[in-house]
Amino acid sequence: MRKIFCAILSLLVLGSCSESSTIDAFSDITGTVIDLETSNPIDGVTITLAPTGKSSVTGADGYFEFLDLEAKQYTLTVQKTGYSTNRKIVNAVAGEEESVSITLQKQK
């Protein structure tokens, strides 16, 4: 009986160690695009992620996301007709979500 108890205890300890040592190698980049003058969210903005070439378009709330990215440095290029293009460099860290706010200024 004691051997069975020790075996079960060992499995529980080993199982909890392996779960806690799991490392998430990916990162997410999320954010919102807002108007520089009004601070309102902007919909229909295209965000292109370099060097991957992936793109996303904001919804009515100005929100965008890129999920399960390799942890490294990315450049976000943010564009919408009638606004000046903006770029932002983001360092994606493994196991973390990087949340950014990006402003666009209307062209005059």
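Values below: all heavy atoms of this structure, side chains included; hydrogens, waters and symmetry mates excluded.
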Undergrad: Could you pull out the closest heavy-atom pair between P51 and Q73, with the gap in Å?
TA: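 For P51 versus Q73, the nearest heavy atoms are CD-O, 4.2 Å.
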
Undergrad: Okay, side chain of T75, backbone of A50: is any donor-acceptor separation there less than 3.5 Å?
TA: no

Undergrad: Which residues pass the side-chain hydrogen bond (donor to acceptor under 3.5 Å, both in side chains) test with E96, sequence neighbours left out?
TA: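 Testing E96 for side-chain hydrogen bond (donor to acceptor under 3.5 Å, both in side chains), a comparison that skips the adjacent residues, returns none.
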
Undergrad: Examine distances only and state if a side-chain atom of D43 and a backbone atom of G62 form a donor-acceptor pair shorter than 3.5 Å.
TA: no

Undergrad: Any chance you could measure I47, atom CD1, to K88, atom NZ, to the nearest 0.5 Å?
TA: 12.5 Å

Undergrad: Please identify each residue that fulfils side-chain contact (heavy atoms from CB on, under 4.5 Å) with L69, with sequence neighbours left out.
TA: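 With sequence neighbours excluded, L69 shows a side-chain contact (heavy atoms from CB on, under 4.5 Å) to I29, L49, K54, F66, Y74, given in chain and number order.
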
Undergrad: Under 6.0 Å from the CZ atom of F26, do we count more than 12 heavy atoms belonging to anything else shown?
TA: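 12 or below, so no.
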
Undergrad: Compare all side-chain heavy atoms of D61 with those of T32 and state whether any distance is below 4.5 angstrom.
TA: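 Of all side-chain heavy-atom pairs linking T32 with D61, none is under 4.5 Å.
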
Undergrad: Specify the closest pair of heavy atoms between A94 and A71, including all atoms of both residues, with the distance to one decimal.
TA: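 Nearest heavy atoms, A94 then A71: N-CB, 3.5 Å.
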
Undergrad: Taking S55's backbone N and O only, do any of them form a donor-acceptor pair with T48's side chain (distance below 3.5 Å, no angle check)?
TA: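 Not a single qualifying donor-acceptor pair exists.
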
Undergrad: Do V93 and E98 come close enough that some side-chain heavy atom pair is under 4.5 Å?
TA: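 Yes, their side chains come closer than 4.5 Å.
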
Undergrad: Hydrogens and angles aside, do E97 and T30 bring a side-chain donor and acceptor to less than 3.5 Å of each other?
TA: yes

Undergrad: Would you say D28 and E65 make side-chain contact, with heavy atoms under 4.5 Å?
TA: no

Undergrad: Determine all donor-acceptor pairs shorter than 3.5 Å in which one atom belongs to a side chain in residues 99-108; sequence neighbours excluded.
TA:
{"from": "Q107", "atom 1": "NE2", "to": "Y83", "atom 2": "O", "distance (Å)": "3.4"}

Undergrad: On a heavy-atom basis, which atom in R87 and which in T85 lie closest, and how many Å separate them?
TA: NH1-CG2, 4.0 Å

Undergrad: Quick one: closest heavy-atom pair of A92 and S27, and the distance?
TA: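 Closest approach of A92 to S27: CB-OG, 3.5 Å.
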
Undergrad: If every non-hydrogen atom of K80 is compared with every non-hydrogen atom of V45, which pair is closest and at what distance?
TA: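 Looking at all heavy atoms of both residues, the closest pair is CD-CG2, 4.0 Å.
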
